[in-house]
Structures are given as C-alpha cells and as structure tokens.
Amino acid sequence: MAEEARKKIEPVRSVKGTRDLLPPATGLWQRVEEESRRVFEAYNFREIRTPVLEETALFRRSVGADTDIVTKEMYTFEDRDHESLTLRPEATASVVRAYIEHGLFNDGGIHKLYYMGPMFRRERPQKGRFRQFYQIGAEVLGSDHPSVDVELLEMLALLVERLGLGNSTLLVNSVGCARCRPEYVKVLKRALEGVKSKLCADCQRRAVTNPLRVFDCKVEADQATIAGLPRILDYLDPECRQHFEFVTAGLRDRSIAYTIEPRLVRGLDYYTRTTFEMTSGALGAQNALMGGGRYDGLAEMLGGPPTPGFGVAIGEDRLVLAVEEAGALRAAVGLDAYIAWMGDGAYGPATKLARDLRREGLSVEIRRPTDAAKLKKSLGVASKLSARYSIIIGEDEVAKGRYQVKDMTSGQQEEVEPARLVAYLKVRMGTGG
RNA sequence: GUGAGCGUAGCUCAGCUGGUAGAGCGCCAGACUGUGGCUCUGGACGUCGCGGGUUCGAAUCCCGUCGCUCACCCCA
C-alpha cells in the first residue's frame, strides 16, 4: 500500500536553468577558482563577499531601469514586510554599494576587490547560459586613470593564459562619457533614420528604442549597412579620446593582442569610456567569456561620492566550458591511499593507520571489512578510486609488524613498518606528482 | 517572450514503412577462496517522459502536456 503510493510521487528536480555541479566536475571549478584567486591576489586584489539578496532599487538605479536585465530578467519578490528584494543579476552594483556603505572612500587611494559567486537572471537557458550562473569579477574603485584599465586587462590576459585558453580574443572599445555619448547617439539616430528601410525588423525597432543595440545585429544582410554607420570612436571628446589611446597604447606596449570593436556596446547603463569583452571560439552562440568596462558615474548614481571605477565580470560557467574544451587544465584527481584490510585483528591497526595518514593531509579511503578471500575485490575498489597506493593489512601483516604497500601504477609492492609508513608515503607523494 | 530538435536500461544510443525492446559502457557474480587494471562466462536492471486518441495490436502514427537541448532576444 505504502509502496504503491510512493511510486506515484514525482521526484523533485532542480529548477529550470539551475544545475547541480557534481564531482568530478567540481574539481575543475575549484581549479579555475584557485587560479583566479592566485592571479587576482598577485595584482593585489582582495576578496569581497556581498549578499546574494539586495534591495531591488539597487539594480534599477545601476544596471538601468529599462535594460532587459531589469525589465524582464530579475528574480524580484516582495518580502514579508513588503520590501522589494531581488536576487542579484550581477555584482558590480553590490560591490559599489558596499564601498559606499562602509565608507571605503574615506581612506583615500584605490580599492581593488574581487568576488565570485552565483548570479540570477530569468532567461531561457541555452549553452553557456543559465538562470543561476556564476561570475568571477574584479573591480578597481577610486581611480579614473587609464593605467588602471590596462593593468586589469593585463591581469585578465594572464588569467586566460594560466587557464590554457590561448585562443581567446580581446575586443575593446570606448563608449564615451556622459558628455560625448549623447551627442553620438543623436548622430547615430539621424543616420539610422536614413537607412532604416534596409535593416531587419529587429533593427528598425532598436533604431528607435536603443540605437546602440543595432550594432549587436547578426543578420548578414544588415552588416554592410551597419558598417557604414557613424562610429562612436569618431565622436569621443578629447578626454575620452586620450583615455582610449592610453589604453590601447598600453596594450600594445605589453604585447597584449586586441581588436578595436566599434560595435562593442555593453548592455548595462553604467558603462563609460573603456568597454571590453573577451570571446572564445569554443563556446557556441554565447561566446563572451567575460566583459566589463569603466563606470565612472556609478557610485554617484547609487548615492555615493563621485568615484570612478573599472571592472570585469567573468562568466565562470563559460570559462569552465572553455577550459574543458581546451583541456589544458587538469583537476586534481584520485586518492593517495586505499587501505585494504581483512580479518578482525586488522581492524584496529587499519583504522589507526587511516587516521594517521589523514592527519598528515593524505587523502585516504578505508571501507567495510572484506573477507580474506576477496582481497582482489578491495584492490578493485582501490583501482576504481584511482588510489596511488593500496595498503594491505591482514592478520599476517599485523603479526609480522609490516604492511604491504602496493604502488597501484607500477604494481610494485613493498613491506613497510607502520611507524615508517607516513614518511614512506609522503616522500613518494612529493616526488611522484 | 519566440522558434526548432529531442525524450527508450545508471550512461551513450539503436529500434526501417505499427506485431507488446536491443547494443556498448557501467554495475553484480564466477573463472581466480591474500593481490586491481586485461580476457572470458553468467546475471540484475525498462511505467519506451506523461495523458488521451487511431488500431485486432502503438516505443513506432495523431493530439495534448511536461521536461531537456539548441537557437533568437540579451548577456557572463
């Protein structure tokens, strides 16, 4: 009765667009995160952790009230006290909020912060795009100098190199500032009026609602027309132009390959001047590995003191995808030792050995009793777990005071006294890797 | 939000124009009662996503529904 009833229960599954990351895949994620931390810390970035939940207003004011993210992609709900809360769709706004909230501007100088964690956007999932996705980001607050931009781009180039992603392309552009961009948008709108009839339906719509977006069009037939549109780089004011030239010169100076992409227009309202994106060929339609730019007006938009900023958001899901594709990074695998024991008399010594090895930081597995006839089974388990060594402890070994240590790669076996075992294994672990 | 493709064993998939399911891998056991990876033999495992319809008969055809995937949109 109860059995039959149970069969009908639909198992609960993960929510659409969210996923479980299981071992061994998580090993690769850990490697990517480790490498990121190492590189960031080398550039003197320090970690900041902000809440996943924020007041909705934060994103409306920063990301932009009529961007796609805010109008249709946020997970927003009313809390019990009627406050509107949102699961963060990105983290730059949170970092700047924290910067203001804790008065970090009071100690002068610049702040270099990095973060990693889940973000949420309610989009239709596809390759490299999820409703809960992970970003690794870095932000520099407090300097409007273009050397900041160059340094961060240099850091990203190093990260990409460390991850074995040689085939990435860096695209850079400038979207001007609050003074010169509106001028350009006017010019662009006028130009679009003239050629509107030649463009696809989507572009005709964009020409009115968000002219900069026309540059994202992928319709082949539109490309010639789009190529003929005025470019923002030709409309930058002198300060913005100088800033951009400093950045590109800095990249050349460091031999960092880049392509100027006048069509690169970031989708968030807060960007000013430098914008960039790094793409990877291995990703499908969602090929942006990371993107970012300068946001000199953001702190003010959030009610803080004028504070220039520059940052990047890396799509970790995509980064991991690309790293898998490239195959250059291997996750740490396997087990250092498997303890195959048999016979009641071996139980005590075997568990004690396991404890000692584990206290030394070795990765050790020990399982239920196996009867002496099934040693082969234990070794089979050791093999399946990719153990580097198996330690065989039967009653013979206990009596003799020496355990059998089997190197699972070579098949070689040696007798080792329990007291020497930790040292024996540590020496071999150290050199073997 | 829109479009397309796909849902068959734990996994990857086969199953032609309808005759009530198969392979490989994995798993378990044995060959080999103290030595893994190889080989051989045997074994367990399926509401053919779900609901309805057509039919003597549906994994197969039709409708609906749910899910997944990819693409558009947009972005990381």
Side-chain angles (χ1 to χ4, degrees), chain A residues 4 7-8 10-11 13-17 19 63-64 67-73 88-92 116-137 200-203 205-206 209-210 212-213 216-219 264-268 271 276-280 283-293 311-322 338 340-343 346 370-397 403-413:
Chain A
E4 282 174 58
K7 280 184 192 166
K8 294 190 176 177
E10 285 289 318
R13 307 151 32 114
S14 65
V15 170
K16 183 201 280 284
R19 56 184 178 154
V63 173
T67 56
D68 279 5
I69 291 177
V70 172
T71 56
K72 50 192 194 203
E73 295 174 1
R88 64 181 182 193
E90 61 114 41
T92 299
M116 44 187 69
M119 310 293 158
F120 305 84
R121 291 183 201 171
R122 198 182 185 291
E123 300 181 89
R124 196 79 168 261
Q126 71 186 74
K127 189 178 173 86
R129 192 170 73 184
F130 307 93
R131 289 183 173 185
Q132 175 173 335
F133 60 105
Y134 295 79
Q135 284 189 338
I136 299 175
C200 68
D202 277 340
C203 284
R205 175 177 50 76
R206 294 185 192 117
T209 58
N210 196 347
L212 293 175
R213 282 266 148 261
D216 283 340
C217 180
K218 282 159 192 141
V219 176
L264 176 64
V265 182
R266 312 255 81 230
L268 282 59
Y271 284 114
F276 67 93
E277 189 169 294
M278 211 179 291
T279 60
S280 163
L283 289 182
Q286 306 305 320
N287 66 351
L289 270 185
M290 59 185 81
V312 62
I314 304 170
E316 190 176 0
D317 305 75
R318 294 177 188 179
L319 199 59
V320 170
L321 218 58
Y338 183 84
W341 65 280
M342 51 215 153
T370 319
D371 80 70
K374 300 293 162 56
L375 207 216
K376 60 180 303 172
K377 196 163 170 186
S378 285
L379 291 175
V381 171
S383 197
K384 198 169 82 175
L385 297 177
S386 313
R388 290 178 62 184
Y389 291 90
S390 285
I391 300 168
I392 301 165
I393 310 176
E395 291 180 331
D396 295 353
E397 283 74 15
Y403 300 164
Q404 302 284 341
V405 178
K406 179 168 183 147
D407 180 324
M408 298 299 281
T409 311
S410 66
Q412 303 274 317
Q413 197 164 309

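Each chain gets a letter, A, B and so on, in the order the sequences are listed, and its residues count up from 1.
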Taking N or O atoms only and anything under 3.5 Å, show me the protein contacts with nucleotides 27-30 of chain B, one pair per line.
from, atom 1, to, atom 2, distance (Å)
B:A29, OP1, A:Lys377, NZ, 2.4

Kindly say whether, by distance alone, the side chain of A:Arg129 makes a donor-acceptor pair under 3.5 Å with the base of B:C74?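 For A:Arg129, whose side chain was compared with the base of B:C74, there is a donor-acceptor pair (under 3.5 Å).
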
Using only heavy-atom distances, decide whether a donor-acceptor pair under 3.5 angstrom links the side-chain of A:Glu397 to the base of B:G34.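 Side chain to base: pair found, below 3.5 Å.
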
To the nearest angstrom, how far is [X] atom [atom1] from [N] atom [atom2]?
{"X": "A:Asp68", "N": "B:C75", "atom1": "CG", "atom2": "P", "value": "6 Å"}
{"X": "A:Leu375", "N": "B:G37", "atom1": "CG", "atom2": "P", "value": "13 Å"}
{"X": "A:Leu212", "N": "B:C74", "atom1": "CG", "atom2": "P", "value": "12 Å"}
{"X": "A:Asp317", "N": "B:U69", "atom1": "CG", "atom2": "P", "value": "13 Å"}
{"X": "A:Arg13", "N": "B:G49", "atom1": "CZ", "atom2": "P", "value": "14 Å"}
{"X": "A:Gln404", "N": "B:G34", "atom1": "CD", "atom2": "P", "value": "14 Å"}
{"X": "A:Ile393", "N": "B:U35", "atom1": "CD1", "atom2": "C1'", "value": "15 Å"}
{"X": "A:Tyr271", "N": "B:A76", "atom1": "OH", "atom2": "C1'", "value": "9 Å"}

Where the side chain of A:Met342 is defined as all heavy atoms beyond and including C-beta, which of B:C73, B:G34, B:U35 is the nearest nucleotide?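 For the A:Met342 side chain, the nearest candidate turns out to be B:G34.
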
Closest to the A:Leu379 side chain: B:U35, B:C74, B:A71?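 Side chain of A:Leu379 sits closest to B:U35.
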
Assign each of A:Arg122 and A:Arg318 to its nearest nucleotide of RNA chain B by heavy atoms, then name whichever residue's nucleotide is nearer the 5' end.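 Here A:Arg122 is the residue nearer the 5' end.
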
Relative to the 5' end of RNA chain B, which residue comes earlier, A:Lys406 or A:Arg124, by the nucleotide with the nearest heavy atom?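 Counting from the 5' end, the first nearest nucleotide belongs to A:Arg124.
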
Could you identify the nucleotide paired to [N], looking across every strand shown and requiring Watson-Crick or G-U wobble geometry with both distances under 3.5 Å?
{"N": "B:G7", "result": "B:C66"}
{"N": "B:G1", "result": "B:C72"}
{"N": "B:C32", "result": "none"}
{"N": "B:G37", "result": "none"}
{"N": "B:U20", "result": "none"}
{"N": "B:C27", "result": "B:G43"}
{"N": "B:U55", "result": "none"}

Using the [atom1] atom as the point on both nucleotides, what is the distance between [M] and [N], in whole Å?
{"N": "B:G46", "M": "B:C27", "atom1": "C1'", "value": "16 Å"}
{"N": "B:U47", "M": "B:G43", "atom1": "C1'", "value": "23 Å"}
{"N": "B:C56", "M": "B:A23", "atom1": "C1'", "value": "32 Å"}
{"N": "B:C32", "M": "B:C13", "atom1": "C1'", "value": "34 Å"}
{"N": "B:U54", "M": "B:G67", "atom1": "C1'", "value": "26 Å"}
{"N": "B:C25", "M": "B:A31", "atom1": "C1'", "value": "22 Å"}
{"N": "B:G10", "M": "B:U60", "atom1": "C1'", "value": "25 Å"}
{"N": "B:G22", "M": "B:G15", "atom1": "P", "value": "15 Å"}

Considering only heavy atoms from C-beta outward, does the side chain of A:Gln404 approach that of A:Glu397 to under 4.5 Å?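 A side-chain contact exists here, since the closest heavy-atom pair is under 4.5 Å.
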
Rounded to the nearest 0.5 Å, what separates atom CG in A:Asp317 from atom CG in A:Leu283?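 Rounded to the nearest 0.5 Å, the CG-CG separation comes to 10.5 Å.
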
Using 0.5 Å steps for rounding, measure from the CD atom of A:Glu73 to the OG1 atom of A:Thr67.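 Interatomic distance, A:Glu73 CD to A:Thr67 OG1, rounded to 0.5 Å: 8.0 Å.
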
Say whether, by atom type as modelled, one donor and one acceptor occur between the side chain of [X] and the main chain of [Y] under 3.5 angstrom.
{"X": "A:Arg19", "Y": "A:Phe133", "answer": "no"}
{"X": "A:Arg318", "Y": "A:Gly128", "answer": "yes"}
{"X": "A:Ser383", "Y": "A:Leu379", "answer": "no"}

Mind checking [X] for me? I need base, sugar-phosphate or nothing, with any heavy atom below 4.0 Å counting as a touch.
{"X": "A:Gly411", "value": "base"}
{"X": "A:Gln412", "value": "nothing"}
{"X": "A:Phe130", "value": "base"}
{"X": "A:Thr409", "value": "base"}
{"X": "A:Gln286", "value": "base"}
{"X": "A:Ile392", "value": "base"}
{"X": "A:Glu316", "value": "nothing"}
{"X": "A:Lys376", "value": "base"}
{"X": "A:Ala382", "value": "nothing"}

Do A:Glu123 and A:Arg129 sit within salt-bridge range, that is, some charged N less than 4.0 Å from a carboxylate O?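 Judged by the 4.0 Å cut-off on N to carboxylate O distance, A:Glu123 and A:Arg129 do form a salt bridge.
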
Closest heavy-atom pair and its distance - [X], [Y]:
{"X": "A:Ala387", "Y": "A:Tyr338", "answer": "CB-CB, 3.9 Å"}
{"X": "A:Lys16", "Y": "A:Pro125", "answer": "CG-CG, 4.0 Å"}
{"X": "A:Ala382", "Y": "A:Met408", "answer": "CB-CE, 4.0 Å"}
{"X": "A:Thr279", "Y": "A:Ala288", "answer": "CG2-CA, 4.2 Å"}

Reckon A:Lys16 has a side-chain N or O less than 4.0 Å from the OP1 or OP2 of B:G67?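 So the side chain of A:Lys16 is outside the cut-off, no N or O lying under 4.0 Å from OP1 or OP2 of B:G67.
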
Any A:Gln126 side-chain N or O less than 4.0 Å from OP1/OP2 of B:C72: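 Yes, A:Gln126 has a side-chain N/O under 4.0 Å of OP1/OP2 on B:C72.
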
